[in-house]
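For reference, the structure is listed below as structure tokens.
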Amino acid sequence: MSQRAQNDDEAAIISAQLRELDRDAYLASLVLPQHVRLPIQTLHAFAAELAAIRHRVSEPMPGEIRLQFWRDALEGERHGDVESNPLANALFNAIEKYKLSTVPLLRMVAARRFDLYQDPMPDQNQFEGYAGEVASIILQYAAQICVGEQDAPEQFNDAAGHLGVAQTYVRALYSFEYDRRRAQVFLPVNVFAAFGLKDNDIFAGKPEEEILQALQSCAEHARDHLDKANKAIKALPSAAKPAFGVWPFIDSDLTRMQRALDKGEWHAVKMSDWRKILRLMRWGLRK
């Protein structure tokens, strides 16, 4: 097989993996320039692979082993199973080509240990720190890749930071019912405590009115971060803006969730793919 054919196969595998694990990131990647699409899809696929671990294991130890695989690989202990893994191979190619530090990616791996256990998320500061490590860094690296190595990554901090927090809030809101049934709380428990709720109340799903109020408060925090992200994205160079193509999807999902909560419902239906694509096109034209 020629090198070009091998690269094409790898790109197809990464694209399919991202489409399966994080459809929003996949759809948003379709507006990226062709020459940066694969490395950015790879970073998102890596983040999605780590996020999916908790759904694939029934107890912490198998999850720890999978996280250790990535930790070893990022620290340079690359055995044959790493070299034969298309995602790992593409990830290290992107790291080398764009001179990305592996330190934030190691922090992402470490942060995902939280997913494997039933410890509550203590407060908003901890939540935002977690969001920064599991979501914001990928957006920041994507912007760096879009504009080229010569640009200072600090200019993307506000856009990536706020959008990563908003995205993590929205995902936690949509998975709240699933998580609480597993005795997990990814949203900050101090928000629930402000409405007189304890962990057992959340797991029991009662009293419903207070839980709804807490969820509405979390949605308001998400909206605040999303608005700040939008303002920061507007100030960025045009070349960097496609890296933040998930913004309209997060905005749509949050709007639907807030409407559901206003009606006393915990569940919301996400927008269909074709509607998301239309929103992405309109967002791209405005940017």
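Computation of the quantities below employed the complete heavy-atom set of this structure, encompassing side-chain atoms and omitting hydrogens, waters and symmetry-equivalent molecules.
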Salt bridge check: are [X] and [Y] linked by an N-O gap of less than 4.0 Å?
| X | Y | answer |
| --- | --- | --- |
| R19 | D24 | no |
| E177 | R181 | yes |
| D273 | R23 | yes |
| R171 | D22 | yes |
| D227 | K231 | no |
| R279 | D251 | yes |

Is the shortest heavy-atom distance from the side chain of [X] to the side chain of [Y] under 4.5 Å?
| X | Y | answer |
| --- | --- | --- |
| L91 | N85 | no |
| P237 | Q155 | yes |
| I211 | D201 | no |
| L187 | L215 | yes |
| R112 | Y130 | yes |

*Which one of V31, V246, I233 satisfies the side chain to side chain contact (heavy atoms under 4.5 Å, CB included) criterion with W283?*
I233
If you measure only the distance, is there a donor-acceptor pair under 3.5 Å linking the side chains of [X] and [Y]?
| X | Y | value |
| --- | --- | --- |
| S252 | R275 | no |
| D72 | Q68 | yes |
| Q118 | R182 | no |
| Q258 | Q216 | no |

*Going by the side chain to side chain donor-acceptor pair (under 3.5 Å) test, name the single residue among Q184, E64, R54 that passes it with Y117.*
E64
*Taking the six-membered ring of F69, is the NZ or CZ of R66 close enough (under 6.0 Å from the centre) and on axis enough (within 45°)?*
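Pair R66/F69 counts as cation-pi.
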*Hey, does the Lys NZ or Arg CZ of K198 hover above the aromatic six-ring of F192, less than 6.0 Å from the centre and inside 45° of the axis?*
no
_H162: which residues meet the side chain to side chain donor-acceptor pair (under 3.5 Å) condition with it, sequence neighbours left out?_
H225
*Compute the centroid of each ring, for Y178 and then for H55, and state whether the two points are separated by less than 6.0 Å.*
yes
*F127-Y169 aromatic ring centre distance below 6.0 Å*: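 Aromatic pair counts; centres sit under 6.0 Å.
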*Start with the C-alpha gap between L67 and L116, add the side-chain angles, then the distance that decides, and say whether side chain to side chain contact (heavy atoms under 4.5 Å, CB included) holds.*
CA-CA 10 Å; L67 291 175; L116 304 178; 3.9 Å; yes
